[in-house]
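Naming convention: chains lettered A, B, ... in sequence-line order (proteins, then strands); numbering from 1 in each chain.
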Amino acid sequence: MQTALSAQPDSFAFDAESEAAIAPILAKYPPGRQASAVLPLLDLAQRQMKRATGSAWVPRAAMDAVAARLAMPPIRVYEVATFYLMFNTRKVGTWHLQVCTTTPCWLRGSDEVTAACRRVTGITGWGETSADGLFTMTEVECVGGCVNAPIIQVNDDCYEDLDAESTVALLEALKRGAPPPMGSMKGRQGSAPEGGPTTLTTIAE
Amino acid sequence: MPKLTVDGIEVEVPPGSNVLQACEAAGFEIPRFCYHERLSVAGNCRMCLVEIEKAPPKPFASCAYPAAEGMVVHTDSAMVRNARRGVMEFLLINHPLDCPICDQGGECDLQDQAMGYGMDHSRYAENKRAVKDKNLGPLVKTVMTRCIHCTRCIRFATEIAGVPELGATARGENMEVGTYVEKALSSELSGNLIDICPVGALTSKPYAFTARPWELRKTDSIDVLDAVGAAIRIDARGAEVLRILPRVNEDVNEEWLGDKSRFAVDGLKRRRLDRPWVKRDGRLAAASWAEAFAAIAARLAGLAGERIGAVAGDLADAESLIALKDLMAALGSANLDCRQDGARLDASRRDFYTFNTGIAGIEEADALLIIGSNPRREAPVLNARIRKRWNGGHFPIAAIGPEADLTYPVSWLGEGPQALVGLQDGSHDFAAILRAAKRPMLILGQGALARPDGQAVLAACWRLAAGLGMLTEDWHGFNVLHTAAARVGALDLGFLPGPGGKGLAQMLDGGVDLLWLLGADEFDISRIGAETFVVYQGHHGDAGAARADVILPGAAYTEKSGTWVNTEGRAQRGFAATQPPGEAREDWRILRAFSDVVGRTLPYGDLAAVRSRLEAAHPVFGRTGVLPRFACTDHSGPPGDPAVLSEAPFVPAVANYYQTDPISRASATMADCAATFVHPVPAAPVPAAAE
């Protein structure tokens, strides 16, 4: 699926911020077992790409850099990076819309949310990036917030309790570069019932 | 030793065995795709399911379940059969029904096992998964839609071949086996991927769409394109050798084979010498056998024995070597040589020139020193054995020579003989490691011997072996790794300058008037004196034939029953798979026929008689196939003056693995490989052949 290699940069080197984070990660593993750090290092690489280019993805050069740092064959890093959907092996938009369509979200109206996303961004298919480079839409399996379904994870943040209207509002805010605070878009607290608690409303004497 | 009951049969298996092995020990064949005896256990194909009593009521993957005391296993219960049928149905969901156009057809594990566990129809109407084919280089063809994700190829490349370049990328429905970034697989053992692939996903590119396995005539033989002597099976149809596959020989090649040995077969059909040629007025002209013999006899008339010389090539069988040696003796010549590369080998004692530890013995060693050799290129199958030992852990390896990737970590001690001195006087750390080891070994390559100070290197290495405890009453750690299949046999037969005889160097530049080349192409042919009359007896129009005054067409190794002695000193027999082309003949018969013409008839008329003569010449030819374990109590080494050790770095004997002999130089497949893997492409010496 994501094996197509699009516009790969020629080189990648960890910057100072990443380097500062690498040392404590490597220190967690005994000598000779540095390969265990492949996931955190790929994540660092992806975040560095986000900082540097505005697109959170892991180009091949970055995988090679991780492989070299951890003294493991590059193919072992490619395997890991392509296995986990959290790593983008090709360029994504500024806002990576990870729309959950698994059963609970679907029952609660993820179709409506998806349609709204398509309408606003102009994206027609999964995995595509909008013409303005702002959005990439990815279909994801459960992101673990079913109680507040349906959900979109935008980059690292989850926006919950969406419907068509609030999705459009969210995307417009993102277009303006002003993401709203993450969490329920209906204003509920955590996963508490809508409109406030229905049990344990008073503290027992 | 756990004792189990498998389908009512009690078996006892070694500790650490799995249930699948226990079932095999009891005589039941368990279907499998991902499990392979020589690879790590993956347990992902689920075909080897069995039922185990008093365990949770579910089928168990027998390859990944340890055998335990008192276990009761059923391999053919209703549950097992149903479970395997289910697995097979799942495997076939995405596997294309293209057996009629698949090269694996007829020797396909999936096809065979589908006969036992497959349904006669599919319940799936959906489209099958389509996967892009990968380009793994000139040898391995891929049809990735056929892949069932057993991961054997990934494990082989990572564990055995030591080139972790294959992997499974993405996941689930999208999982693909490949290199991710397109590249040719950089292994000399890549052909084995074709053998271990249980389906038709990885097949042979040069052999694609050539033949069906049931059309082939199979002949057991011995590989001669390196000095390991791997067991091979020659598959021929009619007069044509179509492919070569490895046979199992645990002592030598296990079940692997190097790419050159496997894929150079097309070289057997090109540039062949299929009739005698005689040079008339400066040009080679076709001739009859009688005319060719007469031309040689005419030149021989009145020639003193010391003006006649013979050089044996690297592919020669022992039968032709003894016949040529006897012929030369009959003609009064002691000018013999088999060391085309000029290796300063010492034949005064057999363990000075053989691989005494044995290839299987590598697994018992606990430290290794490689001197002037690149075993990955000189003997890839032997290198796989070193890697196997290294995989076992606690196996420090050091090497002297130019740095190279040997597929296992090596500490490089230096480039030339001076590093030997450091080991000898103990100033180098690795000397202590070798001394502390119980069974240390060293491998001495031809690159360290084929140089002016070769004799001193040989002597220094022997002293090193003796000084560092490599030579004991139950261990012989001194090993010479040869690159020529004929070399050890020729040394055993004493195909070396006799008393007062000349070596190759003295025979050149007009040192002899008649030079008989038995398939010898690997030395600088241009150094043969202009006046020297050259007889080339061999099978390919290579360098030697281009210079010849008379060409006698001989048989390639697939066309004659011959004996070869591998680098260990193991004599092995190969059998003829096809007839030599045209008027070409078995080499020892040519020599016997010629001896008749000059009235010095050799005293043997059939193969059995030649072999008795061989056995009389050296007892090793009387016990083919087997090899005793060597030990060494006599520490006195070969002579050699340590003072002449030069500082020149060692140059490994094989620079281009894919083109080392007349057969592989004639092979288009090997030329492809050389162009792909050996950069920059070396200007291979391809002289104008007499065709």
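- For R389(B), the CZ atom sits in a packed shell: over 12 heavy atoms of surrounding residues, nucleotides or ligands are nearer than 6.0 Å.
- In K438(B), the NZ atom is not crowded: 12 or fewer heavy atoms of neighbouring residues, nucleotides or ligands sit closer than 6.0 Å.
- Residue contact with chain A, scored on non-hydrogen atoms closer than 4.5 Å, involves the backbone of T179(B) exclusively.
- Heavy-atom minimum distance, R76(A) versus G167(B): NH2-CA, 4.0 Å.
- Atom OH of Y29(A) has more than 12 neighbouring heavy atoms from other residues, nucleotides or ligands inside a 6.0 Å radius.
- Sorted by first and then second residue, the ring-ring contact (aromatic ring centres under 6.0 Å, His included) pairs involving residues 61-83 of chain A (not counting sequence neighbours) are Y78(A)-Y180(B).
- T82(A) places a side-chain N or O within donor-acceptor distance of the main-chain N or O of A170(B), the cut-off being under 3.5 Å.
- Listed by first and then second residue, the ring-ring contact (aromatic ring centres under 6.0 Å, His included) pairs involving residues 137-165 of chain A amount to none (not counting sequence neighbours).
- Note that CG of L166(B) and CD of E79(A) are 9.5 Å apart. Values are rounded to the nearest 0.5 Å.
- Of residues 62-75 of chain A, those residues lying under 4.5 Å from chain B by any heavy-atom pair are M63(A), P73(A), I75(A).
- Along residues 165-175 of chain A, no residue comes nearer than 4.5 angstrom to chain B, judged on non-hydrogen atoms.
- Between chain A and the residues K132(B), E173(B), R171(B), the most heavy-atom pairs under 4.5 angstrom are made by R171(B).
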